[in-house]
Amino acid sequence: MNGRRILVTGGAGFIGSNLANHLARENDVIALDDCYLGTPENLDDDVEFRNASVLDEDLPTDVDCVFHLAALSSYAMHEDDPTTGVRVNVEGFVNTVEQAREDGCDTVVYASTSSIYGNRTEPSPEDMDVEVNTGYEASKLARERYAEYFANHYGMSMAGMRFFSVYQGYGGAEGHKGEYANIIAQFADDIANGRSPKIYGDGTQTRDFTHVDDVVRGLELAAEHELTGVYNLGTGEPYDFDTVVELLNAELDADVEPEYVENPIPDSVYVHDTCADPSKINEATGWEPRIDFREGIERVCAPYTS
């Protein structure tokens, strides 16, 4: 994309700031964030920052494209305050898209979640049956249904991206997330500082870890191709937590044993395994992950080893 005017909601957060900084090289980018979790320190100087909520009126939606990433983005955040979670994740989505539509913008790319697939060791295609076990998942599925409404009723391009365990490390834009950061970032910081990373359960759970740079490319391609529907952004190659610790120890030249603790999240809602089927986004745009897992581990560890 180049020469466009673009709004990124949640633009000072982890994925949002990476996207905003990337797009601002050749576009006029506004990053909107209420700083609940994000921080404008993540943003480059050529990104225009607006401190505002997606629930506000008069949002800066007179743009060519909206990337809607603002959300209470985890199970824990949503369960701590379910009512606010619904307002931000659902009402905030509708409010932003409706204002964009009224301002003449017809291209929206938004964040959904892979959590709705539940426990899957096999690749999860977008057309499989899904169910909701948490308020967070319900709010993201509601986004997909409202996006369907905007696409069918108003002819808007509405692309929902189901992210799979996005990571970058504390040396990137994840540092501000703390306990909400990806486990790769948390474990790397623990091991680098001689602390035992805490693993829920026995360490056999798996995630389809996807580097944020690959996710940013996928988001941009979805907008460029004016996609409608839902799309997975994941590698299709999951790794278990024990392997994550092993690889981090090797890269950091350390020998820190993990601490296995009881999982505070109920088994009925905890997603033990995730695995993407990225063929749909590949067929639509040619997207495929470029950063394999071991290179990603090297990138996460680089600030501690350089």
Side-chain angles (χ1 to χ4, degrees), residues 10 12-22 33 35-44 69 72-77 79-80 115 163-216 234-235 237-265 270-274 289 291-306:
F14 166 38
I15 299 175
S17 63
N18 274 280
L19 178 65
N21 291 339
H22 169 75
D33 205 296
C35 297
Y36 169 74
L37 192 60
T39 171
E41 294 177 2
N42 284 337
L43 296 168
D44 293 342
L69 305 182
L72 294 191
S73 56
S74 75
Y75 164 77
M77 283 187 219
E79 292 304 307
D80 285 346
S115 296
F163 299 141
F164 281 76
S165 203
V166 187
Y167 73 98
Q168 183 180 31
Y170 287 172
E174 263 192 290
H176 71 281
K177 293 189 71 173
E179 65 179 302
Y180 299 115
N182 188 279
I183 65 107
I184 294 179
Q186 295 188 55
F187 287 3
D189 195 64
D190 286 338
I191 292 170
N193 289 283
R195 300 186 301 264
S196 293
K198 289 183 172 61
I199 294 180
Y200 294 164
D202 61 6
T204 61
Q205 64 265 61
T206 62
R207 293 289 180 272
D208 188 333
F209 296 105
T210 312
H211 194 275
V212 71
D213 286 0
D214 284 327
V215 168
V216 164
T235 70
E237 297 181 358
Y239 289 83
D240 65 67
F241 285 19
D242 280 341
T243 298
V244 172
V245 172
E246 178 185 340
L247 293 174
L248 288 170
N249 267 309
E251 185 64 27
L252 292 166
D253 193 24
D255 187 20
V256 179
E257 292 292 328
E259 178 185 353
Y260 298 94
V261 300
E262 183 177 352
N263 192 344
I265 302 174
Y270 183 68
V271 177
H272 194 276
D273 304 285
T274 67
I291 301 172
D292 67 34
F293 190 59
R294 281 165 175 76
E295 180 185 347
I297 289 287
E298 292 174 4
R299 292 190 182 198
V300 169
C301 294
Y304 304 106
T305 58
S306 58

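Along the sequence shown, residues carry numbers from 1.
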Test item: [X] and [Y] side chains (from C-beta on) under 4.5 Å apart, heavy atoms:
| X | Y | answer |
| --- | --- | --- |
| E237 | F293 | no |
| P197 | I191 | yes |
| Y167 | H211 | yes |
| D189 | R195 | yes |
| I183 | R207 | no |
| F163 | T210 | no |
| D242 | Y260 | yes |
| L37 | F14 | no |

Euclidean distance, [Y] [atom2] relative to [X] [atom1], rounded to 0.5 Å:
| X | Y | atom1 | atom2 | result |
| --- | --- | --- | --- | --- |
| R299 | E251 | CZ | CD | 12.5 Å |
| S17 | Q168 | OG | CD | 7.5 Å |
| Y36 | L72 | OH | CG | 5.5 Å |
| Q186 | E179 | CD | CD | 8.0 Å |
| I297 | L248 | CD1 | CG | 4.0 Å |
| Y170 | C301 | OH | SG | 13.0 Å |

message: One pair to check against side-chain hydrogen bond (donor to acceptor under 3.5 Å, both in side chains): Y304 and N193. What are the steps and the verdict?
response: CA-CA 9 Å; Y304 304 106; N193 289 283; 5.3 Å; no

message: For a side chain to side chain contact (heavy atoms under 4.5 Å, CB included) check, start with the C-alpha distance between D213 and H22, then their side-chain angles and the critical distance, and finish with the verdict.
response: CA-CA 9 Å; D213 286 0; H22 169 75; over 6 Å; no

message: For T39 and N42: C-alpha separation, side-chain torsions, deciding distance, then whether side chain to side chain contact (heavy atoms under 4.5 Å, CB included) applies.
response: CA-CA 6 Å; T39 171; N42 284 337; 3.6 Å; yes

Heavy-atom pair with the smallest gap, counting every atom of [X] and [Y]:
| X | Y | value |
| --- | --- | --- |
| S165 | N182 | OG-ND2, 3.0 Å |
| P40 | C35 | CD-SG, 3.8 Å |
| G169 | A185 | CA-CB, 3.7 Å |
| V256 | G194 | CG2-CA, 4.4 Å |
| T274 | P238 | O-CB, 3.5 Å |
| P258 | I199 | CB-CD1, 3.7 Å |

Give a yes or no answer on whether the side chain of [X] reaches the backbone of [Y] with a donor-acceptor pair at less than 3.5 Å.
| X | Y | result |
| --- | --- | --- |
| E259 | S196 | no |
| Q205 | F241 | no |
| N263 | G201 | no |
| D214 | I291 | yes |

message: Before you tell me yes or no, could you show the steps for Y239 and F209 under ring-ring contact (aromatic ring centres under 6.0 Å, His included), namely the whole-Å CA-CA distance, both residues' side-chain angles and the distance that decides it to 0.1 Å?
response: CA-CA 7 Å; Y239 289 83; F209 296 105; 7.4 Å; no

- prompt: Salt bridge check: are R294 and E298 linked by an N-O gap of less than 4.0 Å?
  reply: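 E298 and R294: not salt-bridged.
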
- request: Go through the steps for D273 and T206 under the test side-chain hydrogen bond (donor to acceptor under 3.5 Å, both in side chains), then give the verdict.
  value: CA-CA 5 Å; D273 304 285; T206 62; 2.7 Å; yes

field: Neighbour count above 12 (heavy atom, 6.0 Å) for Y200 OH
entry: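 It does not: Y200 OH has 12 such atoms or fewer within range.
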
task: Decide side-chain hydrogen bond (donor to acceptor under 3.5 Å, both in side chains) for T235 and D208; before the verdict, give the C-alpha distance in whole Å, the side-chain angles of both, and the deciding distance to 0.1 Å.
output: CA-CA 6 Å; T235 70; D208 188 333; 2.5 Å; yes

- prompt: Could you walk me through whether H272 and T204 pass the side chain to side chain contact (heavy atoms under 4.5 Å, CB included) check?
  reply: CA-CA 8 Å; H272 194 276; T204 61; 3.5 Å; yes

task: Go through the steps for I184 and V244 under the test side chain to side chain contact (heavy atoms under 4.5 Å, CB included), then give the verdict.
output: CA-CA 7 Å; I184 294 179; V244 172; 4.1 Å; yes

